[in-house]
Participant: 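Have a look at this one before I ask anything.
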Amino acid sequence: MNSQELIDLEEKYGAHNYHPLDVVITKGDGVWVWDAEGNKYLDCLSAYSALNQGHVHPDILKSLIDQAAKVTLTSRAFRNDQLSLFYKELAEMTGYEMSLPMNSGAEAVETALKLARKWAYTVKGVPRHQAEIIVAEGNFHGRTISIVTFSSEELYKDDFGPFTPGFPMVPYGDLGAMEAAINENTAAIMVEPIQGEGGVLIPPDGYLQGLRELCDKHNILLIFDEIQTGLGRTGKLFAQEHEGVRGDMTIIGKALSGGFYPVSAVLADTDLMGLFKSGEHGSTFGGNPLGAAVARASLKVIRDEKLVENADELGQYFIDQLAEIPSPHVKEVRGRGMLIGVELKENAGGARRFCEALQKQGILCKETHETVIRFAPPLVIDKETIDWALPIIREVLNMD
Ligand SMILES: *Cc1c(COP(=O)(O)O)cnc(C)c1O
């Protein structure tokens, strides 16, 4: 079938909860994908950073096939070898003593919220069911009802109430507003160290450190949602490292499985993670041997291929080169590592038309917040490929 026929099927039979570009991908390899007609594109979205290791990485593919032939699902009623090894390797790589595996990012966020509430009642002494977790405006943490409760995007929540209480919201990047929102029932602060979906928003210098100080001062847990920013994307293993801070919990997902399979996790030390007692939380597929094997291979690729270092070096190069492109439409280029946003001026006619023009020229990007084009290719990208893309981006940023 050709692309148009496949698009027609999708539009007829699929829920319309997305508005994808009209490109039907049938194959991927590294930083490249191909459509149904065989046209080749550079993937500059990486499935929202789930593909840091690139499409169909051979080592991760092998781990998937090998493990699928052995055992795929045990449930947590029994133990499995891959999960034990995954726990150990994740702890060694991240410096957190323990972890709790789930599947989607949203589930890991829910897990972190539950753990923070449990800590509030059993350790901090907050009166039962009074705990508050402060979040930031412009956040993106997923799509469950509790999580969209504290979205500031009306589209994500307007028709989906009633909502979950206990999530005060303050402007992102504003330490004063954060401190003013703290009270004796505050259990945690949860933020993204860089807001990816929010438009690649980097908070003012010192913000993350300031949050750490506020949390220490008021006996509050600091939770970093690094589902998009973590595992190398910003040129550090975790984006919080840019300010030398460490969250009490860090939430990861997306690239944890190199795009093969949904695997997410909450990271914390033993004194905190140890609060979960048997039966209090779980997931049928969370920690399954197939997912654990794939995640182990995905972490190994990040280490072996020095993807963190590559994101740092080539990301800076890409940002610098993009910033030098003269264009009547660009307001600002910003980014850390390989998470880059090109913000367009109000009168540029929106980011989507630029994404559509880039698609025609063989580069796949997605607008985030009507006016920002996000460039976030797989971290296996090389300089040659960036140099191939730059003149195309330059031309598109100069169209009428
Ligand atoms: C993608 C994302 C999530 C949600 O992950 P899903 O796997 O889509 O549920 C949560 N937080 C951040 C920062 C994300 O980028």
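One-based numbering, in listed order, for ligands and for the atoms of each.
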Participant: With a 4.0 Å cut-off on heavy atoms, is F140 touching ligand 1?
Facilitator: yes
Participant: Quick one: does K118's side chain get under 4.5 Å of H281's, heavy atoms only?
Facilitator: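 K118 vs H281: side chains apart.
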Participant: Less than 4.5 Å apart, side chain to side chain, heavy atoms only: is that true for L256 and Y261?
Facilitator: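 No. Closest side-chain heavy atoms not under 4.5 Å.
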Participant: Using a 4.0 Å cutoff against the non-hydrogen atoms of A106, which atoms of ligand 1 qualify?
Facilitator: 4 (C), 5 (O), 6 (P), 9 (O)
Participant: Quick one: does E192 get an N or O within less than 3.5 Å of an N or O on ligand 1?
Facilitator: no
Participant: Using a plain distance cutoff, I'd like to know if G105 has any nitrogen or oxygen under 3.5 Å from a nitrogen or oxygen of ligand 1.
Facilitator: yes
Participant: Contact between ligand 1 and H141 is defined here as a heavy atom of the residue under 4.0 Å from a ligand atom; is it met?
Facilitator: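 Contact check H141 vs ligand 1: positive.
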Participant: Using a 4.0 Å cutoff against the non-hydrogen atoms of D225, which atoms of ligand 1 qualify?
Facilitator: 10 (C), 11 (N), 12 (C), 13 (C)
Participant: With distance as the sole criterion, is a donor-acceptor pair present between the side chains of T250 and Y96 under 3.5 Å?
Facilitator: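 Side chains of T250 and Y96: pair found under 3.5 Å.
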Participant: Does atom 7 (O) of ligand 1 have a protein non-hydrogen atom under 4.0 Å from it?
Facilitator: yes
Participant: Purely on distance, is any nitrogen or oxygen of E197 under 3.5 Å from one on ligand 1?
Facilitator: no
Participant: Measuring only between side-chain heavy atoms, which start at C-beta, is T72 closer than 4.5 Å to N288?
Facilitator: no
Participant: Please tell me whether L322 and M399 are part of a single hydrophobic cluster in this structure, the criterion being side-chain heavy atoms less than 4.5 Å apart.
Facilitator: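 The answer is yes; both residues are in one hydrophobic cluster.
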Participant: Looking at the rings of F354 and H329, which for Trp means the six-membered one, are their centres under 6.0 Å apart?
Facilitator: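 Yes - the distance between ring centres of F354 and H329 falls below the 6.0 Å cut-off.
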Participant: Say whether M102 and L83 are linked into one hydrophobic cluster, either directly or through other cluster members, by side-chain heavy-atom distances under 4.5 angstrom.
Facilitator: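 No, separate clusters.
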Participant: At under 4.0 Å between heavy atoms, which part of K254 makes contact with ligand 1: side chain, backbone, both or neither?
Facilitator: side chain
